[in-house]
Amino acid sequence: MKKIIAVAIVSAFLVFLSLYAVNAVIVGQQKSKQLEISRTLLHYSESLTQSVAQTLKSLSAQGCDKSSLDRYRQIKLESRYLADIGYIEQGKIICTAFWGKLANPVPLPAELHKTPRGFLLAQFSRKDFFTGNAAIYNNLIIFTSRNAYDKFIPVTANYSLSTTTKDFGRIFFSATPELKKQSGLHSSLFTLTLTQCSASWDLCVIVKHHNAGLASLSPVVFTVLAVILCFIWVAITLFFFRLNEDRFSLERTLVKAVFTNTIGVHYQPIVRIQDKKIVGVEVLSRWRDVKYGDVSPELFIPLIKKIGLYKKYYINILEKSLADIAPLVIKHRLVVSLNVGRTEIEDGQFISILRRLCLANNIPLSLVKIELSEKAVSTETILEDFCKELKSLGVKISIDDFGVQNSNLARLSLLEYDEIKIDKSLVDGISEHYKQNIFVIFCDALAKLNKTLVFEGVESEIQYRFIAERYPEAFVQGWYFSKSVTRSELAKQLTGVAR
């Protein structure tokens, strides 16, 4: 039940984030169009304002005589933006191009807006005279046409448009679509507002996109989108929950395996090229679980280190392997190779544990070989002291996985060791001509160190023959002779020739 609730919560959160992302993408596209509309409206409004301003400033006619009225009427006919032109005297309109001389002069509105350029803006709401906006300069007044913004009306199917002064005190034009009643939250979440103001005139345009983002989708499309996202995120969440459960389940099982000492050991034979005789074995840990089957050491050993049980693990492996292999070691004089990493080198107890276990199983220390991996080296001083102490006890030392990462011949000169194990990655190059030359140069240089060479990962006749011809005194290890085997399988192999 807890898992179902957790999956539901995580999935719901991820669906919400996905919808938010989709909304952001849609909004981004809509903003581009909104910006285009805003620029077009602002440019048009500036042109209209410029036209009215120029007309007011350039008009030479003054008064209400016949010639002045005729001039007003001519200008009105020439411009589709102008509804009427009139003359003001003592705060009252006394004549216009449309009405002629007014029997009852019309007073100006009480509230007039003065622009930085010296124009006065007025707003009329008299049905018997004029309804709309007007601009005043000196004694002349121009009434702008109520149809001046008709070209923008089709845009208002999804947008609200308005043109105002910069203090938003005067509205020159406003158009709003018929909207269904919305909550305040819906309105704020799905309404995009863009405001742009003119650099030249006391003028701003406001463009609002209603039902923006996800709200612009039809209910069917939104439902389908939500269902698809739910399905995807539930599946992904379940997958990662399963992976997480498997990891923790594997860790719990591994902890039990360490404490119950059920991690087993196998042995991979090391063969002398001269007579193809098995002269040693490398101890390899193997873990087979009922649920997970055979688990790779590359997976479970790092996990053991992570959960803090590596020391107990390596002591278990030492105890089990040395007790298990001791009879064969003594009978056939086999050299037992044990892999050692940073933990064993630095904990200060490995050597004493090794001595105690070898003594308990009657294994001479001279038949023990410690393999130090280049991938797990310690500080130089600690590593050198570790090697010196092992050598003083008669234990052999092998440099394992040589050729991996930063192989350093100079560093080898500082250590006391007996053999070098050439990594499988280099042995694989024998099958490729250009890599074969690199392999030869590399191994010839190592051979001059007068140390035993062991070639790991030999899996084919070609590889074996190539190595045997050039380095007949070397040793090989790999599937060409044998995979890692149990002690009983190893005993059978020791009764005959390796191959």
Side-chain angles (χ1 to χ4, degrees), residues 254 256-273 275-290 292-301 304 309-341 344 350 353-371 373 394-396 398 400 419 421 424 454-459 475-499:
L254 186 55
K256 183 179 178 181
V258 172
F259 278 105
T260 57
N261 197 14
T262 54
I263 297 178
V265 288
H266 278 201
Y267 310 92
Q268 186 166 40
I270 298 173
V271 178
R272 186 166 54 204
I273 290 177
D275 53 9
K276 294 186 179 180
K277 181 181 179 180
I278 297 174
V279 294
V281 291
E282 180 180 355
V283 175
L284 301 170
S285 56
R286 294 290 182 262
W287 181 36
R288 182 174 182 78
D289 181 67
V290 175
Y292 299 102
D294 291 320
V295 183
S296 170
E298 294 181 357
L299 174 61
F300 73 76
I301 292 179
I304 289 174
L309 293 176
Y310 184 74
K311 183 176 180 180
K312 183 170 182 59
Y313 154 77
Y314 89 68
I315 292 175
N316 287 347
I317 294 299
L318 280 178
E319 290 176 345
K320 181 177 288 189
S321 60
L322 292 178
D324 187 47
I325 197 70
L328 295 180
V329 169
I330 296 169
K331 180 180 179 179
H332 297 279
R333 306 299 293 175
L334 297 177
V335 176
V336 183
S337 296
L338 300 168
N339 288 287
V340 167
E344 294 92 327
F350 173 79
I353 294 172
L354 177 64
R355 291 179 64 182
R356 174 174 57 81
L357 293 175
C358 286
L359 181 62
N361 293 285
N362 297 315
I363 298 176
L365 287 172
S366 60
L367 293 180
V368 176
K369 180 168 59 183
I370 299 301
E371 297 189 5
S373 174
V395 178
K396 295 179 175 63
S398 174
D400 194 16
E419 75 173 29
K421 297 189 77 172
K424 180 181 183 300
V454 179
F455 294 88
E456 292 185 291
V458 178
E459 298 178 354
F475 298 79
V476 293
Q477 176 183 351
W479 287 8
Y480 177 70
F481 287 100
S482 175
K483 297 182 180 181
S484 61
V485 294
T486 63
R487 184 188 63 81
S488 59
E489 292 172 328
L490 176 64
K492 293 177 182 178
Q493 290 188 13
L494 288 169
T495 58
V497 180
R499 177 173 280 266

Under-4.0 Å salt bridge between Lys421 and Glu282: yes
message: When you compare the side chains of Gln493 and Ser482, does any donor N or O come within less than 3.5 Å of an acceptor on the partner?
response: yes
message: Cys358 vs Leu322, test: side-chain contact (heavy atoms from CB on, under 4.5 Å). Steps then yes/no.
response: CA-CA 7 Å; Cys358 286; Leu322 292 178; 4.2 Å; yes
- prompt: Of the non-hydrogen atoms in Pro364 and Arg333, which two are nearest, and what is the gap between them?
  reply: CG-NH1, 4.2 Å
statement: Separation between CZ (Phe475) and NZ (Lys277), nearest 0.5 Å, reads 11.0 Å
field: Minimum-distance pair of heavy atoms, taken over all atoms of Lys424 and Gly457
entry: CG-CA, 3.7 Å
- request: Identify the two heavy atoms, one from Leu254 and one from Ile263, that lie closest to each other, and give their separation to 0.1 Å.
  value: CD1-CD1, 4.1 Å
query: So do Leu284 and Pro297 actually touch side chain to side chain, heavy atoms under 4.5 Å?
result: no
query: Which value, rounded to the nearest 0.5 Å, describes the distance between Asn339 atom CG and Tyr314 atom OH?
result: 14.0 Å
query: Of all heavy-atom pairs between Leu338 and Ser321, which one has the smallest distance, and what is that distance?
result: CD2-OG, 4.3 Å
query: Can you find a heavy atom in the side chain of Arg286 that is under 4.5 Å from one in the side chain of Asp294?
result: no
field: Check: Asn261 main-chain N/O paired with Lys320 side-chain donor or acceptor under 3.5 Å
entry: yes
- prompt: Should Ile325 and Leu490 be marked as a side-chain contact (heavy atoms from CB on, under 4.5 Å) after you check the CA-CA gap, both sets of side-chain angles, and the distance that decides it?
  reply: CA-CA 9 Å; Ile325 197 70; Leu490 176 64; 3.5 Å; yes
field: No-hydrogen, no-angle side-chain donor-acceptor test under 3.5 Å, Tyr313 and Ser285
entry: yes
- request: Please assess Ser337 against Val454 for the test side-chain contact (heavy atoms from CB on, under 4.5 Å), listing each intermediate value before the final yes or no.
  value: CA-CA 12 Å; Ser337 296; Val454 179; over 6 Å; no
query: How about Ile270 and Val281: do any of their side-chain heavy atoms sit closer than 4.5 Å?
result: no
Distance-only donor-acceptor check, side chains Tyr310 and Glu344, under 3.5 Å: yes
message: If you define the side chain from C-beta out and look only at heavy atoms, does anything of Val458 sit under 4.5 Å from Gln477?
response: no
query: Mind checking what makes salt bridge (charged side-chain N to carboxylate O under 4.0 Å, His left out) contact with Lys369, not counting sequence neighbours?
result: Glu419
query: Quick one: does Val335's side chain get under 4.5 Å of Val279's, heavy atoms only?
result: no
field: Heavy-atom side-chain proximity of Lys256 to Phe259 below 4.5 angstrom
entry: no
field: Closest contact, heavy atoms only, Leu367 versus Leu334
entry: CB-O, 3.6 Å
message: When you compare the side chain of Trp287 with that of Asp289, does any pair of heavy atoms fall below 4.5 Å?
response: yes
task: Test side-chain contact (heavy atoms from CB on, under 4.5 Å) on Glu319 and Ile315 and set out the steps.
output: CA-CA 6 Å; Glu319 290 176 345; Ile315 292 175; 3.7 Å; yes
message: Which residue is it: Asp324, Val336, Thr486, Ile278? I am looking for the one with a side chain to side chain contact (heavy atoms under 4.5 Å, CB included) to Tyr267.
response: Asp324
query: Got a donor-acceptor contact below 3.5 angstrom from the Asn361 side chain to the Ile363 backbone?
result: no
- prompt: Side chains of Asn362 and Ile330: does their closest heavy-atom pair fall under 4.5 Å?
  reply: yes
